Amino acid sequence: MNIIEVQNVTKKYSNHLALDNISLAIRKGIVYGLLGPNGAGKTTLIRILNQITAPDSGMVFFNGNPLSRKDIEKIGYLPEERGLYKKMKVGEEAMYLARLKGLSKNEALERLKYWFIKFEIQNWWNKKVEELSKGMQQKLQFITTVVHRPDFLILDEPFSGLDPINTNLIRQELLELKRQGTTIIISTHNMASVEEICDEICLINKAHKILEGNLVEIKQQFKENIYSLTLDSEREIPMLSEIYNVMETSSSENRRHYVVKVLEGGSANQLLQHVMNYGNILSFNEILPSMNDIFIQQVEKYNSELKMDNKSR
Ligand code: ADP
């Protein structure tokens with residue numbers, strides 16, 4: 001079952017096409033990564049999902065029905081532009097925003113207490129928002145985004161400005177919310193987080209969807225038969241250059257390490273059988289491309305194809 005279905009959505013700003021006939025579906029209960037270079041159209045799509053702006057054509061469905069105002073209370077939105085009232089006290093502001101989401105005073109207080117204790121920020125309650133660092137404000141904003149327990153969370157760059165510890169904290173909280181059944185769409189340039197928490201991704205570039213699917217399957221799809229292996233001997237191994245391309249080798253403390261690309265016609269088994277003659281194998285792993293590499297490769301490929309297309313016209 002899909003919580004969100006975007007069907008043939010197009011959005012134009014004066015003369016600029018921000019989204020060109022985009023369709024995608026987000027299954028319930030997953031973390032969905034919305035990726036793309038600056039200016040790709042991610043924020044425009046997020047603003048459409050939040051009903052801040054409407055598509056020029058196409059439809060968005062929420063739980064099978066056309067997205068409407070009443071769905072807003074089921075959606076939690078963390079915008080990239082942080083909109084906190086700087087002069088207010090942290091506790092007051094958190095209460096105000098929680099009440100805006102429809103919580104009663106008692107519910108709001110109870111849930112905020114839970115989150116403030118969880119994030120170990122109880123002693124901020126009476127501080128002014130402007131006294132908090134950017135990262136602290138972001139934690140506060142995260143809390144106010146999830147406090148009404150939305151079914152669907154939309155997070156635009158939730159890790160920007162966070163140190164590695166807080167990035168990890170938010171990542172863990174997102175996985176916990178997912179375990180509880182929340183569906184999450186996350187737009188971020190933090191590829192390490194994408195690798196860690198996303199089940200599926202969609203890569204958009206210049207208003208078009210250029211790649212979509214399960215993260216693990218995508219990594220498999222773009223794999224290049226590269227393996228990492230370590231032997232218990234420092235000695236170099238003669239590699240048959242027509243089958244193996246040695247990309248890296250190093251040795252230390254009676255060990256030799258290789259990164260090898262197995263070329264067409266060769267196989268991982270053949271490689272293992274070959275190297276076995278030169279020592280004991282301590283480790284052998286396939287190296288899959290990182291989401292970062294796939295992102296850059298696919299965007300560059302699309303852009304150069306577009307250039308060629310324009311030239312041949
Ligand atoms: P992303 O979030 O992927 O960086 P955006 O959705 O913000 O991309 O922007 C997509 C394109 O649309 C960009 O070229 C941007 O300049 C343009 N754009 C976004 N919002 C507006 C607007 N309100 N008016 C005019 N152009 C806009």
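Both ligands and their constituent atoms are indexed starting at 1 by order of listing. Being a predicted model, the structure only gives us computed values, none of them experimental.
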Can you list the ligand 1 atoms lying under 4.0 Å from a non-hydrogen atom of [X]?
X     : answer
Pro37 : 3 (O)
His16 : 11 (C), 12 (O), 13 (C), 14 (O), 17 (C)
Asn38 : 4 (O)
Thr44 : 5 (P), 6 (O), 9 (O)

Please determine if [X] and [Y] form a salt bridge, counting it only when a charged side-chain N lies under 4.0 Å from a carboxylate O.
X      : Y      : value
Glu110 : Lys113 : no
Asp199 : Arg27  : no
Lys101 : Glu73  : no

Closest protein heavy atom to [atom], given as residue, atom name and distance to 0.1 Å:
atom                    : value
atom 7 (O) of ligand 1  : Thr43 CB, 3.5 Å
atom 10 (C) of ligand 1 : Gly39 O, 3.4 Å
atom 19 (C) of ligand 1 : Tyr13 CE1, 3.3 Å

- Determine the sole option in Leu211, Asn303, Leu306 for which the side chain to side chain contact (heavy atoms under 4.5 Å, CB included) test with Asn205 is passed.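 It is Asn303, the one option of Leu211, Asn303, Leu306 that forms the side chain to side chain contact (heavy atoms under 4.5 Å, CB included) with Asn205.
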- Note on the structure: Among Gly36, Ser14, Gly41, the residue with a heavy atom nearest to atom 8 (O) of ligand 1 is Gly41
- Ala18-ligand 1 polar pair, N/O distance under 3.5 Å: no
- Task: For atom 5 (P) of ligand 1, decide whether some protein heavy-atom distance is shorter than 4.0 Å.
- Result: yes
- No-hydrogen, no-angle side-chain donor-acceptor test under 3.5 Å, Gln221 and Glu217: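 Short answer, no.
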- Will you find, in the side chains of His208 and Tyr302, an N or O donor that is under 3.5 Å from an N or O acceptor?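 There is such a pair between these side chains.
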- Task: Taking side chain to side chain donor-acceptor pair (under 3.5 Å) as the test, write out the residues that go with Arg171, two or more places apart.
- Result: Ser193, Glu196
